[in-house]
Each structure stands twice: as structure tokens, then as C-alpha cells.
Amino acid sequence: MRTLAFTLLLTLACGKANIGSPSKTLADPGEKIFTMHGKIVGRDASSNSLSIDHKEIPGLMEAMTMDYAVRDAKIDALPANGTNIVAHVHVTDEKGIWITDVKATP
């Protein structure tokens, strides 16, 4: 738990969760997966990341706007900025935080 808290603090201090690459396998040893609901507010094609204004993720973090690396898709193929989405947030002690399965919601 202490390592997870440190990882989250480090991520917030850096402003981005750009850990990993889009072509890396989706599952890592010891990973935890959470569901996130939010809105896409920006994107960075060079790092294949989305900036998401999300609601609280119970058991992980409070509501905030944060950049997340996307692993299972190129961001150009994902819903447009301003779209409400649901996604999976993957967290590991070793690799940090990334998202997958980004889908538009009504």
C-alpha cells in the first residue's frame, strides 16, 4: 500500500502517467485493475496518452484531471475530446499506471 501511495504521489508530481508503451502486453504481474468514468479533455499523440477529467476511482484516487498512457489502442482511433468515457485503469508497483478499453458512454 505504501508503494502504491508513493507511485501515485510521484505520478501526480510529474503530471503524467506515461509509463509503458502502447505495444506492450496488457497484463503485468501483480497488477490491479480499476474502472474509471470521466471525460477526455486532451490528447498527446507523441506519447499516445489521453488527458482525462475523471470521477473518483474508489480504492485508488480522488476525482482529478490526469494524463494516462493508453496501451491497447492508438489515441487517434479513440473517442473525440469532450466525450464521456469509461476505461480500465491498470496499476502496478513496477510499471505505474496506464489505461485500456476506452469506450464512449452516453
Side-chain angles (χ1 to χ4, degrees):
M1 184 66 169
R2 199 166 114 195
T3 304
L4 178 59
F6 174 75
T7 301
L8 289 175
L9 255 168
L10 181 62
T11 300
L12 294 174
C14 294
K16 286 197 173 201
N18 289 331
I19 299 175
S21 74
S23 61
K24 188 174 180 316
T25 59
L26 300 181
D28 279 329
E31 91 179 43
K32 295 176 185 153
I33 301 174
F34 301 86
T35 300
M36 171 176 60
H37 296 273
K39 181 190 291 187
I40 299 173
V41 295
R43 58 188 67 223
D44 182 350
S46 66
S47 61
N48 204 57
S49 65
L50 293 175
S51 181
I52 300 175
D53 179 10
H54 62 79
K55 297 177 181 179
E56 176 184 2
I57 304 171
L60 182 62
M61 69 178 77
E62 62 189 52
M64 65 180 68
T65 300
M66 189 168 146
D67 293 342
Y68 292 91
V70 178
R71 278 206 184 164
D72 66 340
K74 294 290 185 186
I75 61 165
D76 295 340
L78 297 176
N81 292 357
T83 303
N84 290 319
I85 56 101
V86 63
H88 289 124
V89 180
H90 301 253
V91 181
T92 70
D93 288 341
E94 298 289 317
K95 303 291 183 184
I97 301 172
W98 67 93
I99 60 172
T100 62
D101 302 315
V102 178
K103 295 186 178 30
T105 59

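Position 1 is the first residue of the sequence; numbering continues from there.
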Side-chain contact test, heavy atoms from C-beta onward, threshold under 4.5 Å: evaluate it for [X] versus [Y] and give yes or no.
X	Y	result
I85	T105	no
H88	W98	no
I57	T35	no
T65	H54	no

Inset, instruction - Taking all heavy atoms of K103 and all of P79, pick out the closest pair and write down the distance. - result: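 In terms of heavy atoms, the two residues are closest at C-CG, 4.5 Å.
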Inset, instruction - Identify the heavy atoms of N81 and G42 that sit nearest to each other, and give their distance. - result: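 Looking at all heavy atoms of both residues, the shortest contact is ND2-CA, 3.7 Å.
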Side chain of [X], backbone of [Y]: donor and acceptor closer than 3.5 Å?
X	Y	result
D72	D101	yes
N48	V70	yes
R43	I75	yes

Honestly curious: do [X] and [Y] fall in one hydrophobic cluster under the side-chain, below-4.5 Å linking rule?
X	Y	answer
V41	I52	no
I33	V102	no
V86	F34	no

Legend entry - Test item: side-chain donor near acceptor, D67 and S51, under 3.5 Å: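 On atom types as modelled, these side chains qualify, holding a pair under 3.5 Å.
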Inset, instruction - Verify the distance criterion only: is there a donor paired with an acceptor across the side chains of T100 and H90 at less than 3.5 Å? - result: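 Present: a donor and an acceptor within the cut-off.
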Legend entry - Full working for side chain to side chain contact (heavy atoms under 4.5 Å, CB included) between V91 and V89: CA-CA 7 Å; V91 181; V89 180; 4.1 Å; yes
Inset, instruction - Please report the C-alpha distance between I97 and M66 in whole Å, then the side-chain angles of each, then the deciding distance to 0.1 Å, and finally whether the side chain to side chain contact (heavy atoms under 4.5 Å, CB included) criterion is met. - result: CA-CA 11 Å; I97 301 172; M66 189 168 146; 4.2 Å; yes
Legend entry - Y68 vs L50, side chain to side chain contact (heavy atoms under 4.5 Å, CB included): CA-CA, chis, key distance, verdict: CA-CA 5 Å; Y68 292 91; L50 293 175; 5.5 Å; no
